Amino acid sequence: MTIIVFSSRSGSSEWYARALASRTELDVFPVSDHPDGEDMVFFGWLRNDTVVGIGDVDPNRLLAVCVVGLDDVKKFPKREVADRNGIHVPVYYMRGWIDRKRLNPLDKAVLLAVCVMMKLKGLDPKDEPVFDAMMDGGSFVDDKYLESVELFIGSRR
Ligand SMILES: Cc1cc2nc3c(=O)[nH]c(=O)nc-3n(C[C@H](O)[C@H](O)[C@H](O)COP(=O)(O)O)c2cc1C
């Protein structure tokens, strides 16, 4: 059986995982409470170059990994993130949201540091929506990102 497993701090990776579960009728679990011994599609949020939570699942059970981040799709360094996190299965990237109420003080401090670096480097107008979302919260969620994952799951059935 295939299951869907997610790690999520501010809720968008969970939103995508649950949306895929309702499209595919697969069962969905938080990473902290997933059953052993099942093949899975994993959803994890991007914290710098780390896919949070992926270290808590059996890598031999991964079928695909969905990485949820804020940046533009074109800026997602797929190969580096796959190498850094030891991922050897298909990787899909989808844009999430930031709900600052659900971030801890450390996360907020890291985001502030990233924002300061962006400002110091000179903010590209295309980066402004991402900058604003990091400072104030915001969403880039779109369920179109799930289409290719759904096709992948369908091709395995
Ligand atoms: C501390 C921190 C670091 C982050 N680093 C990145 C990053 O390197 N690249 C990126 O695209 N998004 C980054 N983000 C944005 C999150 O990946 C994004 O908000 C994601 O949608 C969060 O998923 P969640 O809602 O499931 O927690 C970062 C967010 C936080 C709080």
Side-chain angles (χ1 to χ4, degrees), residues 3-24 26-34 40-57 59 62-87 89-150 152-153:
I3 61 172
I4 296 169
V5 175
F6 65 87
S7 82
S8 187
R9 173 85 88 215
S10 73
S12 50
S13 309
E14 178 173 359
W15 184 90
Y16 278 120
R18 293 197 184 282
L20 185 67
S22 71
R23 284 176 180 219
T24 56
L26 298 179
D27 290 334
V28 58
F29 301 91
V31 68
S32 55
D33 189 26
H34 72 284
M40 72 181 77
V41 175
F42 181 82
F43 285 78
W45 66 285
L46 191 60
R47 189 181 200 276
N48 304 328
D49 53 4
T50 298
V51 182
V52 177
I54 200 159
D56 297 328
V57 301
L62 287 172
L63 298 177
V65 174
C66 301
V67 181
V68 181
L70 266 201
D71 247 334
D72 192 86
V73 177
K74 291 192 192 106
K75 289 198 170 174
F76 175 59
K78 188 186 273 198
R79 177 163 302 180
E80 286 86 336
V81 169
D83 289 350
R84 169 79 174 77
N85 293 273
I87 300 169
V89 293
V91 174
Y92 299 91
Y93 179 74
M94 39 203 81
R95 298 185 80 188
W97 68 56
I98 284 207
D99 177 353
R100 289 185 60 91
K101 291 192 293 298
R102 292 172 70 174
L103 299 183
N104 64 31
L106 180 61
D107 287 337
K108 285 183 185 165
V110 172
L111 281 186
L112 184 62
V114 172
C115 288
V116 170
M117 291 300 293
M118 285 171 87
K119 271 281 188 205
L120 288 176
K121 274 194 209 161
L123 202 55
D124 184 319
K126 277 190 272 170
D127 291 333
E128 274 175 24
V130 172
F131 180 88
D132 291 345
M134 286 198 278
M135 292 299 285
D136 302 322
S139 176
F140 302 93
V141 163
D142 191 326
D143 64 1
K144 73 178 180 193
Y145 294 121
L146 289 172
E147 284 164 15
S148 41
V149 196
E150 196 179 355
F152 171 78
I153 291 172

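We count ligands from 1, going down the list as the structure has it; atoms in each ligand are counted the same way. Since we're looking at a predicted model, the values are computed, not measured.
In terms of polar-atom proximity, defined here as any N/O pair under 3.5 Å, Arg9 does make such a contact with ligand 1.
Asp142 and Tyr16 get closest at one heavy-atom pair: N-OH, 3.1 Å. The two residues Leu123 and Glu128 have their closest heavy-atom pair at CD2-CG, 3.6 Å.
Looking only at heavy atoms of the protein, atom 5 (N) of ligand 1 is closest to Asn48 N, 3.1 Å. Protein heavy atom in closest approach to atom 15 (C) of ligand 1: Leu70 CG, 3.8 Å. Nearest protein heavy-atom contact of atom 9 (N) of ligand 1 is Leu46 CD2, 3.6 Å.
Geometrically, Lys119 engages Phe131 in a cation-pi contact defined by less than 6.0 Å to the ring centre and at most 45° from the axis.
Using modelled atom types, no side-chain atom of Asp136 and backbone atom of Arg100 make a donor-acceptor pair closer than 3.5 Å.
Near Ile98, meaning under 4.0 Å from any of its heavy atoms, are these atoms of ligand 1: 19 (O). Listed by number with element, the atoms of ligand 1 under 4.0 angstrom from any heavy atom of Val110 are 1 (C). Near Val68, the atoms of ligand 1 lying under 4.0 angstrom from a non-hydrogen atom of the residue are 17 (O), 20 (C), 21 (O).
Each of Lys101, Arg102, Arg9 was checked for a salt bridge (Lys or Arg N to Asp or Glu O under 4.0 Å) with Asp107, and the lone residue meeting it is Arg9.
If you look at Trp15 next to ligand 1, there are no close heavy atoms at all, none under 4.0 Å. Residue contacts with ligand 1 for Leu106 are absent, since no atom lies close enough (heavy atoms, distance under 4.0 Å).
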### Query
How far apart are the C-alpha atoms of Val81 and Val91, what are their side-chain angles, what is the distance that settles it, and do they pass the side chain to side chain contact (heavy atoms under 4.5 Å, CB included) test?
CA-CA 9 Å; Val81 169; Val91 174; 5.8 Å; no
